[in-house]
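First comes the structure, then the notes that go with it.
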Amino acid sequence: MTDDRTSEQASESPQASNFIRQIIDADVAAGKNGGKVVTRFPPEPNGYLHIGHAKSICLNFGIARDYDGAVCHLRFDDTNPTKEDLEFVEAIKTDVAWLGFDWQQNLFHSSDYFEQIYQFAIKLIELGKAYVCDLSAEEVREYRGTLTEPGRNSPWRDRSVEENLDLLERMRSGEFADGSRLLRAKIDMASPNINMRDPALYRVKHATHPITGDAWCIYPMYDFSHCLSDAIEGVTHSLCTLEFEDHRPLYDWVLDTLNTEHHPQQIEFSRLNLDYTVMSKRKLQTLVAEQKVSGWDDPRMPTISGLRRRGYTAAAIREFCQRIGVTRHDNVIEMGVLESCIREDLEAAPRVLGVINPLKLLITNYPAEQVEYLTAQNHPQYPEMGSRELPFSGELWVERDDFMEEPPKKFFRLGPGREVRLRYGYYITCTDVIKDADGEITEIHCTYDPATRGGSSPDGRKVKGTIHWVSVAHAVDAEVRLYDRLFSEPNPAAAGDDFLQLLNPDSLQVMANAKLEPSLAGAEAGTRYQFERLGYFCVDGEADGQAVFNRTVTLRDSWAKIKR
RNA sequence: UGGGGUGUCGCCAAGUGGUAAGGCCCGGGGUUUUGAUCCCCGUAUGCGCAGGUUCGAAUCCUGCCACCCCAGCCA
């Protein structure tokens with residue numbers, strides 16, 4: 001992974017406000033929490049982070065960055081040992097840091113608080129606000145009622161404090177089997193909010209935890225551990241997505257009932273949706289498990305690691321999060337917004353010539369064996385980025401798409417009898433088209449005008465098209481991977497479990513025979529370039545042997561629009 | 001048909017009673033040795049709908065409509 005040299009030049013938009021920052025502004029102005037602001041990003045380490053998490057990271061860490069003395073904690077919400085793994089905590093730390101955020105010494109785990117949370121459970125029992133329930137999972141569901149009908153009280157709801165205390169302790173000591181008993185809050189089985197119908201607080205799970213190992217065989221539920229973890233850490237503003245809104249009364253109930261020292265304010269915002277992809281961790285997991293992609297970091301994945309490998313910069317992702325805003329409206333952001341962000345950042349990348357789908361071009365009047373060196377700017381707008389010498393000869397590779405035997409009206413490129421400019425080179429005119437037995441074009445012949453060296457003609461005549469090229473004798477072989485949207489439908493998630501049917505069969509196109517200018521030999525993994533006229537490309541760090549370039553994004557292409 | 005939310009341009013999104021920001025996309029034009037970049041210009045008499053209050057309403061009130069979330073011992 002190399003530095004974002006491009007990002008340093010691009011300026012990010014000024015920090016936009018949003019309704020959450022407005023709430024915090026007001027809180028700070030009112031001196032609430034002693035003027036302190038503490039946020040937290042609380043991922044469950046059961047998968048890799050995606051661009052939706054980036055939204056939350058930028059929100060939470062961005063607030064910590066912008067408010068005086070504020071901090072943002074990174075807390076792993078690791079309360080379900082059967083789903084979580086250390087591999088994921090490492091990947092998450094890498095991604096947060098790569099995005100440019102620093103949790104300083106504030107790295108925590110919900111499991112750090114297991115003992116404290118357990119003590120809170122005891123206190124709840126002592127307050128008569130929790131009980132051990134012997135109902136089976138199925139019975140609990142039956143007793144819960146439905147959305148429109150109230151639930152019924154569990155027959156175990158009125159056990160004595162002593163019995164509950166004894167039972168909880170025995171749950172902890174491993175006396176009971178998984179699923180046999182549950183610690184439940186005693187709230188209201190008739191509540192219209194289902195979360196308040198005596199929610200589970202602790203379940204028995206004889207499982208080895210990635211961090212606490214076998215120290216525990218009971219684990220707290222999200223609704224119990226999350227609010228307490230926030231309170232223990234002195235979080236002031238607990239930001240989460242909209243689906244947790246119904247849980248807020250429970251969040252507040254736990255903290256109010258336990259009368260904790262701190263009582264963070266939960267504020268919900270809408271999660272990010274991007275078109276032509278999926279964002280749920282479960283679906284991303286499926287793509288990986290079913291090997292529809294090469295892994296969590298497949299460059300087609302909307303994961304942070306996938307985007308990184310695709311060639312996205314952290315600055316572009318931050319800018320994206322900036323542009324999409326933070327509200328409570330459901331939203332589906334068009335891929336074009338993300339693409340616009342990376343194009344803007346990569347505009348500053350060095351230019352280079354590379355042919356992805358090579359077609360041989362012979363300059364019949366160019367002196368045999370002659371090689372000359374032509375000066376090429378590394379960036380058309382930034383002379384300070386310098387220049388390089390491109391070897392030129394009578395045998396070149398050009399892009400197959402830049403030649404048409406029967407060109408349509410607005411095609412500016414090469415065709416029989418047409419003259420175009422070779423970038424930084426000469427004007428050439430097509431004289432012959434050579435085909436094989438199947439009628440495939442194998443080679444084209446041209447003549448060049450020696451007076452046009454460097455790309456302009458002394459007689460002032462104009463050519464409409466300029467095409468890129470690479471000298472055959474000097475070309476570097478490479479594999480280039482062209483990526484497109486992962487799904488062919490804007491909203492694949494709408495298909496439910498059938499979403500895999502909607503995968504775009506052309507999401508990856510491997511161009512195994514690409515020819516690049518010699519300066520690209522030995523390019524370092526992670527380095528980004530603009531292949532002129534084609535797009536932005538990044539050296540893949542994962543491939544060994546032959547160089548592999550991933551296409552991050554194409555250039556804007558108004559020709560593609562005309563073609564349509 | 002219980003509860004909780006949300007509706008401002010194709011997609012996002014400002015707007016907090018004083019007469020609809022901005023971005024992306026799109027369209028038109030200019031510069032250009034990348035059909036790139038860059039630069040101009042254009043795009044809601046209208047804010048889910050219908051009433052009402054007001055000198056004045058996207059903002060307040062009433063009633064509808066549409067969409068999203070919730071019945072894991074997941075988070």
Side-chain angles (χ1 to χ4, degrees), chain A residues 13 16-18 22 42-44 46 77-80 82-84 133 135-137 140-141 144-151 178-184 191-197 199-205 218-219 221-223 225-226 240-249 268 270 275 281-282 322-341 343-344 347-348 351 353 376-377 379-381 410-413 421-425 427 452 454-456 462-468 530-535 554-562:
Chain A
S13 303
S17 188
N18 55 55
Q22 286 173 11
E44 182 188 14
N46 67 344
D77 215 345
D78 56 350
T79 57
N80 188 352
T82 55
K83 291 190 175 175
E84 295 150 10
C133 181
L135 255 26
S136 69
V140 168
R141 197 182 323 124
R144 188 156 34 223
T146 69
L147 293 177
T148 52
E149 302 157 45
D178 287 7
S180 62
R181 283 190 164 81
L182 207 54
L183 181 73
R184 293 227 255 166
S191 172
N193 181 347
I194 289 189
N195 295 302
M196 300 298 271
R197 319 240 262 230
L201 265 23
Y202 265 99
R203 74 282 219 191
V204 179
K205 228 181 232 274
I218 59 173
Y219 293 93
M221 300 290 292
Y222 166 85
D223 283 314
S225 68
H226 199 89
C240 62
T241 44
L242 247 26
E243 66 271 25
F244 292 100
E245 185 154 28
D246 290 343
H247 294 245
R248 193 171 68 225
E268 312 85 16
S270 52
D275 62 6
K281 243 194 244 180
R282 216 198 98 251
Q322 186 74 207
R323 289 189 193 180
I324 60 175
V326 179
T327 67
R328 295 171 62 88
H329 321 320
D330 288 339
N331 62 83
V332 183
I333 310 293
E334 292 173 343
M335 220 26 120
V337 179
L338 224 205
E339 292 178 345
S340 164
C341 292
R343 283 194 187 110
E344 180 179 298
E347 220 302 294
R351 309 285 125 120
L353 300 187
Q377 298 302 309
H379 194 292
Q381 271 77 45
K410 291 184 170 173
F411 189 80
F412 301 157
R413 286 111 92 154
R421 171 167 42 233
L422 292 171
R423 178 75 157 154
Y424 297 120
Y427 286 12
T452 56
S456 57
K462 302 288 185 209
V463 289
K464 278 233 187 82
T466 299
I467 67 173
H468 58 278
Q530 184 196 102
F531 288 9
E532 292 206 29
R533 304 210 307 129
L534 296 176
T554 62
L555 259 28
R556 270 196 197 86
D557 187 358
S558 48
W559 165 240
K561 277 172 209 158
I562 296 167

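Order of the sequence lines sets the chain letters (A, B, ...), proteins ahead of strands, with each chain counted from 1. These numbers come from a predicted model, not from an experiment.
- Distances shown here put a side-chain N or O of A/Gln22 below 4.0 Å from the OP1 or OP2 atom of B/rG15.
- Between the P atoms of B/rU16 and B/rA21, the separation comes to 12 Å (whole Å).
- Regarding A/Met221, its CE atom lies at a distance of 5 Å from the P atom of B/rC74, rounded to whole Å.
- Checked by atom type and distance alone, the side chain of A/Arg533 pairs as donor or acceptor with a backbone atom of A/Thr466 at under 3.5 Å.
- Legend: residues meeting ring pair (Phe, Tyr, Trp, His ring centres under 6.0 Å) with A/Phe531, ordered by chain and number and at least two apart, are A/Phe537, A/Phe549.
- With C1' as the reference atom, B/rA36 and B/rG30 are 16 Å apart, rounded to whole Å.
- One C1' atom belongs to B/rA75, the other to B/rC69, and the distance between them is 15 Å to the nearest Å.
- In this structure A/Phe411 satisfies the side chain to side chain contact (heavy atoms under 4.5 Å, CB included) test together with A/Met404, A/Pro407, A/Pro408, A/Arg413, A/Arg418, A/Trp559, sequence neighbours excluded.
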Would you tabulate the nitrogen or oxygen pairs shorter than 3.5 Å linking the protein to nucleotides 22-26 of chain B?
from: B/rC25; atom 1: OP1; to: A/Arg556; atom 2: NE; distance (Å): 3.2
from: B/rC25; atom 1: OP1; to: A/Arg556; atom 2: NH2; distance (Å): 3.1
from: B/rC26; atom 1: OP1; to: A/Lys561; atom 2: NZ; distance (Å): 3.0

Side-chain donor/acceptor pairs under 3.5 Å, residues 329-339 of chain A, sequence neighbours excluded:
from: A/Asn331; atom 1: ND2; to: A/Ser270; atom 2: OG; distance (Å): 3.3
from: A/Asn331; atom 1: ND2; to: A/Arg271; atom 2: O; distance (Å): 3.3
from: A/Asn331; atom 1: ND2; to: A/His329; atom 2: O; distance (Å): 3.2

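- In this structure, A/Arg423 atom CZ and B/rA36 atom P are separated by 13 Å, rounded to whole Å.
- Across all strands shown, the partner of B/rG2 is B/rC70, judged by Watson-Crick or G-U wobble contacts whose two distances both fall under 3.5 Å.
- For the OP1/OP2 pair of B/rU6 and a distance below 4.0 Å, the side-chain nitrogens and oxygens of A/His329 include no atom meeting the criterion.
- Within 4.0 Å (heavy atoms only), A/Pro42 reaches no atom of the nucleic acid at all.
- Going from the C1' atom of B/rC25 to that of B/rG10 covers 7 Å, rounded to whole Å.
- Atom name P, nucleotides B/rU19 and B/rG35: the rounded distance is 46 Å, in whole Å.
- In this structure, A/Tyr222 forms no aromatic stack with the base of B/rA75, since the conditions of centre separation below 5.5 Å and plane angle below 30° are not both met.
- Comparing atom distances between the A/Thr146 side chain and each of B/rA71, B/rC12, B/rU37 picks out B/rA71 as nearest.
- In this structure, B/rC49 forms a base pair with B/rG63, meeting either the Watson-Crick or the G-U wobble geometry with both donor-acceptor distances under 3.5 Å.
- Of the side-chain N and O atoms in A/Arg328, none sit less than 4.0 angstrom from OP1 or OP2 of B/rG5.
- Nearest-nucleotide mapping onto RNA chain B: of A/Glu532 and A/Leu147, the residue sitting toward the 5' end is A/Leu147.
- Nucleic acid contact class of A/Asp246 (heavy atoms, under 4.0 Å, all strands): base.
- Across B/rC9 and B/rA20, the matching P atoms stand 16 Å from one another, rounded to whole Å.
- Of the nucleotides present, none pairs with B/rU16 by Watson-Crick or G-U wobble criteria with both distances under 3.5 Å.
- Side-chain N/O atoms of A/Ser17 include none lying less than 4.0 angstrom from OP1 or OP2 on B/rA14.
- In this model, a side-chain donor or acceptor of A/Gln381 finds a partner on the base of B/rU37 within 3.5 Å.
- Rounded to whole Å, the C1' atom of B/rA58 lies 10 Å from the corresponding atom of B/rG17.
- One finds no salt bridge joining A/Glu44 and A/Lys83 here, because no Lys/Arg side-chain nitrogen approaches an Asp/Glu carboxylate oxygen to under 4.0 Å.
- Using C1' as the reference atom, B/rA13 and B/rU8 are 9 Å apart when rounded to the nearest Å.
- Within 4.0 Å (heavy atoms only), A/Val463 reaches no atom of the nucleic acid at all.
- Look at B/rG42: its Watson-Crick or wobble partner, with both distances under 3.5 angstrom, is B/rC26.
- One interatomic measurement links the two molecules: CZ of A/Phe531 to C1' of B/rA36, which rounds to 15 Å at whole-angstrom precision.
- The side chain to side chain contact (heavy atoms under 4.5 Å, CB included) search around A/Glu149 returns A/Thr146, not counting sequence neighbours.
- Listed by chain and residue number, A/Asn80, A/Pro81, A/Thr82, A/Arg203, A/Tyr219 satisfy the side chain to side chain contact (heavy atoms under 4.5 Å, CB included) test with A/Lys205 (two or more places apart in sequence, or in another chain).
- Both A/His379 and A/Arg144 sit near RNA chain B, but only A/His379 has its closest nucleotide nearer the 5' end.
- The distance from atom CG of A/Asp330 to atom C1' of B/rC12 is 13 Å, rounded to the nearest whole Å.
- You'll find that the side chain of A/Arg533 is closest to B/rG35, out of B/rC73, B/rA75, B/rG35.
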